Amino acid sequence: MAEPNVNSNPPEQGDRSALDRQDFLRELVRQDLSDGRITEVVTRFPPEPNGYLHIGHAKAICINFGIARRFGGRCNLRMDDTNPAKEDVEYVDSITADIGWLIAGWADHCLGLKPVGALPERRIVDGRQDFYIAPAAHTDAPAHTGTAPEPFYASDYFEALYEFALQLIRKGKAYVCDHTPEEVDQMRGAPDRPGRESLYRNRSVAENLDLFERMRVGEFPDEARTLRAKIDMSAPNVWLRDPVLYRIRHTAHHHTGDEWCIYPMYDFAHGLSDYVEGITHSLCSLEFEVHRPLYEWILEALDLPRVHPRQREFARLNVTYTVMSKRKLLRLVEEGHVRSWDDPRLPTLSGMRRRGYPAEAIRDFCDRVGVAKRDNLVQLELLEHCVREDLNRHAPRVMAILRPLRLVIENYPDGQVEEMEAINNPEDASAGTRRVPFSRVLYIEKDDFREVPPPKYHRLSPGVEVRLRYAYLITCTGVSKDPNTGEVVEVRAVYDPATRGGDAPDGRRVKSTIHWVSADHAVGAEVRLYDTLFAVENPDNVPEGQDFIQGLNPDSLEVLHDCKLEPSLATATPGARYQFERLGYFCADAEDSRPGAPVFNRTVTLKDTWARIEKRRGKN
RNA sequence: UGGGGCGUGGCCAAGUGGUAAGGCAACGGGUUUUGGUCCCGUGAUGCGUAGGUUCGAAUCCUGCCGCCCCAGCCA
């Protein structure tokens, strides 16, 4: 029976790189299609709602949605929620929101849509029992616009899963075991030593059926019994040594409430959930490779009528200067090393979104990182490159002073204000221009002035002429210092009225152009500068006896309170991204920005050749 | 020490018997009213290692070395 192909949208034109990318997963899918093993491609992304999504998940999302998209299929977002003790709706909400954001405008057209309230349909195919949940037709659903998609839930299949378990028992392939967890543990043996068979392994089908049904209705306490697969206690692969399929947990579930007190284990639930949804390719990370024989055993033992899903594994993503494990991220949040799950220093999707990383850049990164099976540690620089490349194209330019230094134009009339025309985005002519007020007293960046300039320093210093961007050529005439500290508190200069806009009629050139903000018109702002969360490249690789926490970078956050922005930024909308010229890309904080009192996060710096020169000099 | 995987330039990664793609990083140079962007150029005689097969090997065979995963009633 052919299932409806609800989505046959081909990938967009002009998408060559993603289209042609060659990796072993796409190769396999291509092969299955040309062999006629399958006629459509259905994948899934199956997070357990027990934590927040991070860049590592983004890779899995891009692979699963990307392949569905590439072959005109669909990808289901499924909550793998089979362990009520660890899960919560808080997480399903954040996960769906993060995914909606990440795939918006890219893979929303191949997002598997669940018919509202639908459960798997029970039916008989070729005399064999089957369950299938048909996707909603795409045309019936409102266009996905980046809002949280409605996920599928493994827990919606508990009834079907229970029926499958019954069937396994009837076939003599599963049994109820009364051993304690400790006994099961001991009897499993070791990788190089076979295990011992359960004393309950040869119960009759009738007794197993009776016991399992009584497990379901709640006759037994937690841990009293389990349902186990009858496979091989001496199998070299320990996952084949009669793995537990169901356990008793008198615990309320975030999605099914108190309807159940037995819950299926991952290995039993996952493959069958894939099957129920008509998944053709179940793409997961490498640590599940040893589970694959069990995944296949379950599907085969049940003699299921439709085509079986195929599990294939790829290496998970690691990025330098950060950690990806749920356990470690949780510690960072709980111990207060970061403020929250969406702290802009975290590799969580919510953190990166708050920091200003465009979803498109994260997807591009996942694409460039490739798909393979070897362990990897990708340099942060590649991610930052992707972010800069996207922002360079799209972010409007603006002038902002992070560390203000007063500059007085001595020969500029006091009280006069001129509106200078500035280009919004040199990469995008359609972005137009804006007017920026100029006056006698300005702020410039402290870094842009040196009383005694080091070699190769092109910026302002006494006697030197530079350009004020979009304004005038000025020449530094002197400084004022704090009488106590000797610190330069004000720079004085004269301007050449003939150079309005920045070009000299006589054609003379200056070595540097610096940015500025008019003191009278400046908007005060808080700006948060971020450095890597960890000071070490690979925080997971800690020396003996050390805690990964010790690898933290004490200077990962610097808050600047007295920044001066050009007036157009007074009402920056939360989440809006800009390039502060010559400094970097910044994003109006979505939580803390207020009209008239914006707060900005530095997303990433611009590449800084001068900083590199200085750094090199420091080393020599 | 049992089983399952993986080793290609600093980091990713193509390559599937015909003589080492591409990206990031780095380093030179050009353009530039952002020390940004953009453009041009530079890098493995070598594919963990030692043998073998072949006219020819990163690709096939054998041994060795290294790294990762697996003994949850977690996923």
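Bear in mind that the values here come from a model prediction, so they are computed numbers and not experimental data. In what follows, chains carry the letters A, B, and so on, assigned in the order in which the sequence lines appear, proteins first and then strands, with residues in each chain numbered from 1.
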Flag for A:Tyr91-A:Glu48: side-chain donor and acceptor within less than 3.5 Å: no
Hey, what's the ring geometry for A:Tyr495 with A:Tyr472, parallel, tilted or perpendicular (30° and 60° as the breaks)? perpendicular
Pick base, sugar-phosphate or nothing for A:Ala190, based on heavy-atom distances below 4.0 Å to the nucleic acid. base
Please tell me whether A:Phe212 and A:Tyr246 form a close aromatic pair, meaning their ring centres lie under 6.0 Å apart. yes
Using the aromatic ring of A:Trp610 (for Trp, its six-membered ring), decide whether it stacks on the base of B:G35 within the limits of 5.5 Å and 30°. yes
With A:His515 as partner, the option from A:Arg469, A:Glu445, A:Glu581 fulfilling side chain to side chain donor-acceptor pair (under 3.5 Å) is A:Glu445
Taking atom types as they are modelled, would you say the side chain of A:Arg374 forms a donor-acceptor pair with the base of B:U8 within the 3.5 Å cutoff? yes
With a non-hydrogen cut-off below 4.0 angstrom, is A:Thr82 in contact with a base, only sugar-phosphate, or nothing? sugar-phosphate
Need one value for A:Arg469: base, sugar-phosphate or nothing, where a base atom within 4.0 Å counts as base even if backbone is also close, heavy atoms only. base
Given the P atoms of B:C74 and B:G15, what is the spacing between them in whole Å? 40 Å
Sugar-phosphate only, base, or nothing, as touched by A:Tyr470 at under 4.0 Å among non-hydrogen atoms: base
Touch check for A:Glu289, heavy atoms < 4.0 angstrom, all strands: base, sugar-phosphate only, or nothing? sugar-phosphate
Within the structure shown, what part of the strands sits under 4.0 Å from A:Leu377 by heavy-atom distance: base, sugar-phosphate, or nothing? sugar-phosphate
Centre of A:Phe220's six-membered ring, under 6.0 Å away, within 45 degrees of the axis: is that where NZ or CZ of A:Arg225 sits? yes
If you assign A:Asn425 and A:Lys326 each to the RNA chain B nucleotide with the nearest heavy atom, which residue ends up on the more 5' nucleotide? A:Asn425
Geometric cation-pi criterion A:Arg216 and A:Tyr162, 6.0 Å radius, 45° cone: yes
Show each protein N/O and nucleotides 41-43 of chain B N/O combination with a separation under 3.5 Å, one pair to a line.
none

Nearest-nucleotide pick for A:Pro191, side chain only, options being B:A71, B:U34, B:C74: B:A71
Only residue of A:Lys230, A:Arg201, A:Arg188 satisfying side chain to side chain donor-acceptor pair (under 3.5 Å) with A:Asp242 is A:Arg201
Would you kindly check whether a donor in the side chain of A:Glu427 faces an acceptor in the base of B:G36, or vice versa, at under 3.5 angstrom? yes
Using atom C1' of each nucleotide, how far apart are B:C60 and B:C47 to the nearest Å? 16 Å
Mind checking if A:Pro426 touches a base, just sugar-phosphate, or nothing, with heavy atoms under 4.0 Å? base
Would A:Asp222 and A:Arg247 pass as an ion pair if we require N to O under 4.0 Å? no
Every protein N/O within reach of nucleotides 23-25 of chain B N/O, cut-off under 3.5 Å:
residue	atom	partner	partner atom	Å
B:G23	O2'	A:Arg368	NH1	3.0

When the P atoms of B:A57 and B:C11 are compared, how many Å lie between them, rounded to an integer? 27 Å
Could you measure between the two P atoms, the one in B:G7 and the one in B:A13, and give it in whole Å? 9 Å
Which whole number of Å gives the distance between the C1' atom of B:U54 and that of B:A21? 26 Å
Kindly say whether the aromatic ring centers of A:His385 and A:Phe365 come within a distance under 6.0 Å. no
Would B:G43 be called syn or anti, given that syn covers angles within 90° of 0? anti
Taking the inter-plane angle between the rings of A:His54 and A:His57 on a 0 to 90° scale, is it parallel (under 30°), tilted (30 to 60°) or perpendicular (over 60°)? tilted
Determine, for A:Phe314 and A:Lys373, whether the Lys NZ or Arg CZ falls below 6.0 Å from the six-membered ring centre while staying within 45 degrees of the axis. no
Backbone N or O of A:Arg393 within a donor-acceptor pair of the A:Asn425 side chain at under 3.5 Å? yes
With a 4.0 Å cut-off on heavy atoms, is A:Asp185 in touch with a base, just the backbone sugar-phosphate, or nothing at all? sugar-phosphate
Contact class for A:Tyr263 vs. all strands (heavy atom < 4.0 Å): base, sugar-phosphate, or nothing? nothing
Rounded P spacing from B:G4 to B:G18 in Å: 30 Å
Listed nucleotide nearest any side-chain atom of A:Met265, set B:G4, B:U34, B:C73: B:C73
Around A:Arg203, counting heavy atoms of other residues, nucleotides and ligands shown, do more than 12 lie under 6.0 Å from its CZ? yes
Treat a base pair as Watson-Crick or G-U wobble with both distances under 3.5 Å, then lay out RNA chain B in dot-bracket form, 5' to 3', with | for cross-strand pairs. .(((((((.[[[..)..(...]]].(((((.......))))).....[[[[[..)....]]]]])))))).....
So, does the side chain of A:Arg459 form a donor-acceptor pair with the base of B:G35 at under 3.5 Å? yes
Base, sugar-phosphate, or nothing for A:Glu223, non-hydrogen atoms under 4.0 angstrom? base
Which is true for A:Lys86 with a 4.0 Å heavy-atom rule: it touches a base, it touches only sugar-phosphate, or it touches nothing? base
Taking the P atom in each of B:C73 and B:C67, what is the distance between them to the nearest angstrom? 29 Å
Taking for each residue the nucleotide of RNA chain B bearing the nearest heavy atom, is the 5' side occupied by A:His270 or by A:Arg193? A:Arg193
